[in-house]
Amino acid sequence: MSERNALIELAGFIGRSPLASPDMGARNKALGGVTERMLPRQRRSVSDLLAVVMTLSARTRRMVQDPVHVEIDVFAPGGKRALRITFGDR
């Protein structure tokens with residue numbers, strides 16, 4: 001490859017780069033992607049994996065349980081209904 005072709009290719013690459021975009025949002029997104037790739041990856045520990053497994057297990061267990069219906073009646077001292085709260089479908 002000649003030196004001229006390499007320079008032409010480089011000029012085309014820089015012109016198509018999102019960092020050269022007039023849109024500030026596009027430039028910020030491209031810059032954020034560059035900095036994210038430069039940051040060191042966080043290492044996950046076994047306890048993090050265990051916490052995820054336990055969370056998913058608890059969620060699955062709650063999803064397969066039968067729905068619960070709660071009904072609360074509150075009566076005034078005179079015996080009249082003061083409040084009625086119903087949770088769930090009737």
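The chain is numbered in sequence order, starting from 1.
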> With sequence neighbours excluded, what pairs up with Arg81 under the salt bridge (Lys or Arg N to Asp or Glu O under 4.0 Å) test?
Replying inline: Asp73

Under 3.5 Å, sequence neighbours excluded: what are the donor-acceptor pairs made by side chains of residues 54-63?
residue	atom	partner	partner atom	Å
Thr55	OG1	Ala51	O	2.8
Thr60	OG1	Leu56	O	2.8

> Who pairs with Thr35 by side-chain hydrogen bond (donor to acceptor under 3.5 Å, both in side chains), at least two apart in sequence or on another chain?
Replying inline: none

> How close do Ala76 and Ala82 get, heavy atom to heavy atom, and via which atoms?
Replying inline: N-CB, 3.9 Å

>> Nearest 0.5 Å, please: how far is CE in Met24 from CG in Leu31?
In response: 10.0 Å

>> Between Ile72 and Leu83, is there shared hydrophobic-cluster membership here, with clusters defined by ILVMFWY side-chain heavy atoms closer than 4.5 Å?
In response: yes

